[in-house]
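The chains referred to below are lettered A, B, ... by the order of the sequence lines, with proteins before strands, and numbering in each begins at 1.
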There are 2 protein chains.
Amino acid sequence: MSQRAGMSVGRIVAAALDELDEAGLDALTMRRVATRLGVQLNTVYFHVTGKPALLAMMADALLAGCDRAPLPLAWPDRLRVLATRLHDALLSRRDGARLLDLAHPDGPRGRSLGDALAGTATAAGLDQPGAAAAARLVVYAITGVSRDHGPGRTTGDDARLTFTLDVLVDGIAARVPATAARRAEDDLARRLRPPPPATRRPRGS
Amino acid sequence: MSQRAGMSVGRIVAAALDELDEAGLDALTMRRVATRLGVQLNTVYFHVTGKPALLAMMADALLAGCDRAPLPLAWPDRLRVLATRLHDALLSRRDGARLLDLAHPDGPRGRSLGDALAGTATAAGLDQPGAAAAARLVVYAITGVSRDHGPGRTTGDDARLTFTLDVLVDGIAARVPATAARRAEDDLARRLRPPPPATRRPRGS
DNA sequence: ACCTGAACACCGTTCAAGT
DNA sequence: ACCTGAACACCGTTCAAGT
């Protein structure tokens, strides 16, 4: 019966994710989270505004690290890696995909991943609204694929992810005007050339 | 206080959809549906298994007619028309997109639309698993676009739908092997030739 | 500031009847 | 068969205190 339970938002979010894994999204309850933490219901409410806020923080936590590790430079590979990491993240917890589109994450990790995706589409040569739409489209597609990915790992599931990524990459590539595509390629080539060469001096001077 | 209220599943689903329009998905309650029908709560439960079943039937009703009216023969146009109709259907009711991915519709209209989309992808030249994946992808994308479509009609919303459809059509086209694409084109050309010519008789007989 | 105990106004679902 | 009335076991959220 200690007065101080040493509670924190971080511990609450972690416990809520564990409860999600065990009980599923439909059975996820503020009371169950409190019970799991060995604490009174209102202790949770002291640290967290309410259930929607908790769900948003859970969704955001799920996306942690999706855009952390080093990414390939070429935009198609980068898009594939980002999308695959999102896919893995959503499958790492039970009902992860349902959680994501129930409470779309405005948190830092969600925005960071969205920015990384939009940046990748920009690198492909899309303009700003196009890149934003492409980033959303990737999230829609991956969330859907993850949601329908049954708990029993069917062999066709990886094929569906691959197919989806192929369609998206080819579709985005086709939306890039020829001039923008060439400029994006030049950008990439310039970044790949190991030492950026100084402006060449005329031979005789 | 009439004993017979003349209740039916159809009236209940219609009332639930009206209640959805007025109150939104979060406030949609079995009791509110009953009240709207001027009937006791358990009258609803007599005709409907439970709330999940009602939501599924609502989602299915939302999809009615998406694949009814005549469709263009060429697969890109057909895909665009089907997807646009789905988009319109999801926007025709408040929280329509959220309803759809909360209770994905196994009902007849949902399957019918899914079959129409898969058939369109098959007409493009995709094999069976590819066509199924493409059909799902279209639904994921349109649902996402519709969900993020704010209640205030922004001018950029139609542009986002167009962009999304462009990416999907181009991406699907790129996934079709060259031989399958030519066969699909031949199929279409054969169907467009107005009178199917009888097998030509040898000149002399 | 941090946590408890108790309550409020709901909710989905079910049970026992009525006609 | 169709509908009512009343209840059960919850739920998210809040209020009034304690230390």
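Checking A:Y140 against A:D101 by side-chain atom types alone, no donor-acceptor pair falls below 3.5 Å.
A:L63 and A:G110 make their closest contact through CD2-CA, 3.8 Å (heavy atoms, listed as atom of the first residue, atom of the second, distance). Contact detail for A:L62 and A:S92: the closest heavy-atom pair is CD1-OG, 4.2 Å. In terms of heavy atoms, A:L168 sits closest to B:V167 at O-CG1, 4.2 Å.
Between B:R36 and B:E22, at least one side-chain N (NZ, or NE/NH1/NH2) sits under 4.0 Å from a carboxylate O, which counts as a salt bridge. Between A:D21 and A:R94 no salt bridge is recorded (no basic side-chain N to carboxylate O distance below 4.0 Å). Checked for salt-bridge contact, B:D26 and B:R98 meet the test: a charged N lies under 4.0 Å from a carboxylate O. Between A:D187 and A:R182, none of the side-chain N atoms (NZ, or NE/NH1/NH2) sits under 4.0 Å from a carboxylate O, so this pair counts as no salt bridge. The pair A:R111-A:D67 fails the salt-bridge criterion, with no side-chain N (NZ, NE, NH1 or NH2) lying under 4.0 Å from an Asp/Glu carboxylate O. Between B:R183 and B:D186, no side-chain nitrogen of the basic residue sits less than 4.0 Å from a carboxylate oxygen of the acidic one, so the salt-bridge criterion is not met.
Following rounding to the nearest Å, B:R11 (CZ) and D:dC2 (P) show an atom-to-atom distance of 14 Å. Summarising the geometry, the separation between CG on B:L37 and P on D:dT4 is reported as 11 Å, rounded to the nearest angstrom. Regarding A:R32, its CZ atom lies at a distance of 14 Å from the C1' atom of D:dA9, rounded to whole Å. As a whole-Å value, the separation of A:D26 CG from D:dG12 P is 12 Å. Across the protein-nucleic acid pair, A:M7 atom CE and C:dT4 atom C1' stand 13 Å apart, rounded to whole Å.
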What protein N or O atoms touch nucleotides 13-17 of chain C N or O atoms at under 3.5 angstrom, if any, and at what distances?
{"residue": "C:dT13", "atom": "OP2", "partner": "B:Y45", "partner atom": "OH", "Å": "2.8"}
{"residue": "C:dT13", "atom": "OP2", "partner": "B:K51", "partner atom": "N", "Å": "2.8"}
{"residue": "C:dT14", "atom": "O4", "partner": "B:N42", "partner atom": "OD1", "Å": "2.8"}
{"residue": "C:dT14", "atom": "O4", "partner": "B:N42", "partner atom": "ND2", "Å": "2.7"}
{"residue": "C:dC15", "atom": "N4", "partner": "B:N42", "partner atom": "ND2", "Å": "2.7"}

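Spacing of C1' atoms, C:dA17 relative to D:dC2, comes out at 13 Å, to the nearest Å. Taking atom C1' in both C:dC8 and D:dC11, one finds a spacing of 12 Å when rounded to whole Å.
Pairing analysis of DNA chain C (Watson-Crick: purine N1 to pyrimidine N3 plus N6-O4 or O6-N4; G-U wobble: N1-O2 and O6-N3; both under 3.5 Å) yields stems of 3 or more pairs at C:4-8 with D:12-16, C:12-16 with D:4-8.
Look at B:T43 and you'll find a side-chain N or O under 4.0 angstrom from OP1 or OP2 of D:dT4. Between A:H47 and the phosphate of C:dC3, there is a side-chain N or O to OP1/OP2 separation shorter than 4.0 Å.
At a non-hydrogen distance threshold of 4.0 Å, nothing from residues 14-24 of chain B comes into contact with DNA chain D.
The side chain to side chain contact (heavy atoms under 4.5 Å, CB included) with B:L165 is formed by just one residue from the set B:V138, B:I142, B:V81, B:V145; it is B:I142.
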